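Here the structure comes first, spelled out in C-alpha cells, and everything after it is commentary.
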Amino acid sequence: MADLDCDAVVVGSGPGGSTVADVLTAGGWDVIVLEKGRNHLLDLEPPYGPKGEFSNDELKFVHRHFLGPDPLLEPRTYRRREADGERLFTGDVNNLPSTVGGGGPHADAKLPRFREEDFHLRSARGPIEWAKLADWPVQYGELEPCYAEAERLIGVAGDAGANPFAAWRSGPYPMPPGPDMFGAVLSSAAAEGRGLHPFRAPTGVNSIEWDGRPACNNCGFCGGFGCPIHAKGDPVSSLRRALGTGRGQVRPESHVTEILLDGTGRRATGIAYLDAGGARHEVRAGHVVLAGGAFETPRLLLLNGVGNSSGLVGRHLMFHFQTFVVGGFGYSLHGHRGRSVTHLHDDFVVPSKEDLVAARAAGLPWFRGGTVEHGASGTPIQEAKTYPPGAAHTAAMAASGLRDKLWVFTMQGEDLPQAGNRVDLDPAVRDAWCRPAGRVTYAPHRHELAASAHWAPLLEDVLRDAGAEWAFTSTSPPQGDLDLHESNPLGIAPASRHVMGTCRMGEDPATSVVAPDGRFHDVENLLCADSSVFVTSAGFNPTLTLVALAIRTARLLAGSKGAHPRAP
Ligand SMILES: Cc1cc2nc3c(=O)[nH]c(=O)nc-3n(C[C@H](O)[C@H](O)[C@H](O)COP(=O)(O)OP(=O)(O)OC[C@H]3O[C@@H](n4cnc5c(N)ncnc54)[C@H](O)[C@@H]3O)c2cc1C
Ligand code: SF4
C-alpha cells in the first residue's frame, strides 16, 4: 500500500459501486469511489446525514436534470441498425442519473430476484435463431445467499411465499410490504379473475423504520424522484456504511477518463480523472472496479482500448422490451398516493402450454414475457403538456382523464441478447469534454415482439374487467405511431432504464469479457460490478441481481466468505 492511494478504486457510486465499497471497507480495505455526477444524497462527513436536497418537484427532477446528466453536455446517440447510417437521434438515450447514488435514488425500487431458470436459459429452453443465448457461469443456488444479503443491506419490503413463480429463498424479507395502492387493488382483483397471480412487489423502500431511516409516507413522487425522507434504501444504506468505517471515500464531480495499465498491459495501476474544474488527477490502486453502469462502463473501456481482446465489449446490449397497457377509468384511482407500483404478476415469465403453442405459431420454439408492474400513470406537468392550451386546459386538468383516471400495466419483457445490439463510440458526436459520445445500435428480436403481441390483449381485458372504459397498448421501443415517451421527440429509441449485458460474463475469453469472479479476462486486477456482466436479461428489474453479483464479486476479491459483519 506504500505507493498506492487505496486498495481499490471504484468508478461509479450507483447500486453496484456502492455495494462494492460497502463490502470491501467492511473487509478492511481502503476504497475510493469516484463519481462524475454531483452529490445531492448525503453529507460526506460524519454522521453522513441526508443532504435534504430532494423534493416532490417535477420541474427540478424531470425537466431540469437535477440528478443529471444533461443530455446537451453528455449526449448519446441511437440508431436501430447499421443500415440507418451513423445515427437517427442524438440526446437522451436510456439515460440513468449521473449523481452520487447513480440510478438508485431515482428508481422506485422494485427489487425482485431472478428465477433459477434465468441463469441457464439456453440449457433449459434451447437456442433461438439470431439470439446469442448462453448459460450464466453463476447459478441461482450460489447467488441465493448474496440475494438474501442484498435484501438485508438495502432493506427490501416484501411478502415471501406470495408469488407462486418465485425462486426458493432461505428466509423471509426483512420487512413486511407497505400499503397497497388503490388502483393496484382493483387491477389485482381483476387479474386474479383471469387466473393470474398478482402479489405485493418486493420493494427497496422502508415499510417500517429500518437502518436508521423512516418508513415511506407514500408521497406519490417515487419513480423518477429522490426520496425527501430517505425511505429508499438503495444505495444510501451501503454508502453510509462504507463511509462509516472510516476506510471509504466518495469523490463527487470526478470524471474518470483513463484506465491506467502497467507495461505488460495485463495489470491496472489505477485511473485518471478530471475534477469539476477540469484538472487531471491520478488515483493509484491495487484494484480497479468499474461500476459506471452498463452504458458508461463499455464506453470507458472502448475509449481506452482496454479489455476488448474478444471484440465483445459493448455487444449483447439488452434492455427490457416494455409493453405498456393503459386503461382509462371514469373515476379517480388515487395514483398520486403510493410508491408508483405496489403489485406485480410473474405469470408471463413461465409460459403455459397454450402460450408455447402461440410462440410456435409465431415461428419461435418458445417465448417468455416478463414481470408485469401494476402502476399509476404520470405526473401533473407531464399531463399538462398533453392537453391543448386555452380555456379547456383548466377543465381538462381538473378532470385529469390522462393521469388521475389512468392505470398502466408495464411488462418488462425479456430481451434476448444479440451481437448486433451494442454500445460503441459515435464517430462524430462529442460530449462537453470532447470525448466521443456513446452510441446505441438496438432493434428488438422477433421473440420480444411476438411475446408482447401475445400477452397485451389479455392485459387489456384485465383492465376492462377492473373497470376501465377503454384500453390500448404501446411499446418501448415503439412499433407503431404511438409513443408515450416525450423525452425523445423522434419517438424511436427505447426508453427503458434497465441496461444490461455489454461486458458479458463467462468462462471462455473468446466468447465473454469478464470471468465468473468479475475480473476482466484481459486485465487481472480490473473488475466489473454492474449489469454489464449480465448474460441474459430475464424478465425482471435488474438492480437486486446486480447488487447480489457485486456482493459476490467484492467478497471473492476480499477473500472473505462470511456474512456481512454489519448487516442489520
Ligand atoms: C426512474 C427509474 C426507475 C427505475 N426503477 C427500477 C426498479 O424499480 N427496479 C430496478 O431494479 N431498477 C430500476 N431502475 C434501474 C436502476 O436505477 C439501475 O438498474 C441501477 O441504478 C443500475 O445500477 P449501477 O450501479 O449498475 O449503475 P448506475 O446506477 O447507472 O450508476 C453508475 C454511476 O456511475 C457514474 N459514472 C459512470 N461513468 C463514470 C465515469 N467515467 N467516471 C465517474 N463516474 C462515472 C454515473 O454517473 C452513475 O452515477 C430504475 C431507473 C430509473 C431511472
Ligand atoms: S413514495 Fe415513499 S419511498 Fe417513494 S419518494 Fe415518497 S416517501 Fe420516498
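Counting starts at 1 for both ligands and their atoms, following the listed order. By convention here, the first residue in the shown sequence is residue 1. Everything quoted here is computed from the prediction, not taken from an experiment.
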Pair Glu74 + Arg299, salt bridge at N-O below 4.0 Å: no
Residues Asp92 and Arg497 bridged, charged N to O under 4.0 Å: yes
Location of contacts on Val11 toward ligand 1, heavy atoms closer than 4.0 Å: side chain
Ligand 1-proximal atoms of Ala109, by part, heavy-atom distance under 4.0 Å: backbone
Nearest-0.5 Å distance, CZ of residue Arg200 to CG of residue Asp159: 6.5 Å
For [X], check ring pair (Phe, Tyr, Trp, His ring centres under 6.0 Å) against everything at least two apart and list the hits.
X	value
His316	none
Tyr442	Phe319
Trp29	His287

Phe409-His374 aromatic ring centre distance below 6.0 Å: yes
Ring center gap for Tyr78 and Phe89 short of 6.0 angstrom: no
To the nearest 0.1 Å, how far is [atom] from its closest protein heavy atom, and which atom is that?
atom	answer
atom 29 (O) of ligand 1	Gly103 N, 2.7 Å
atom 22 (C) of ligand 1	Leu546 CD2, 3.7 Å
atom 41 (N) of ligand 1	Val256 O, 3.0 Å
atom 45 (C) of ligand 1	Lys36 CG, 3.8 Å
atom 34 (O) of ligand 1	Gly12 CA, 3.2 Å
atom 13 (C) of ligand 1	His498 NE2, 3.7 Å

Atoms of ligand 1, numbered as shown, that sit under 4.0 Å from any heavy atom of His106: 1 (C), 53 (C)
Heavy-atom donor-acceptor pair, Lys232 side chain to Cys222 backbone, under 3.5 Å: yes
Residue-ligand contact Ser340/ligand 2, heavy atom below 4.0 Å: no
Within-shell test, Ser18 vs ligand 1, heavy atom, strictly < 4.0 Å: no
Ala550 heavy atom under 4.0 Å from ligand 1: no
Where ligand 2 meets Gly338 - atom numbers and elements under 4.0 angstrom, heavy-atom basis: 1 (S)
Protein N, O or S atoms under 2.8 Å from atom 6 (Fe) of ligand 2: 1
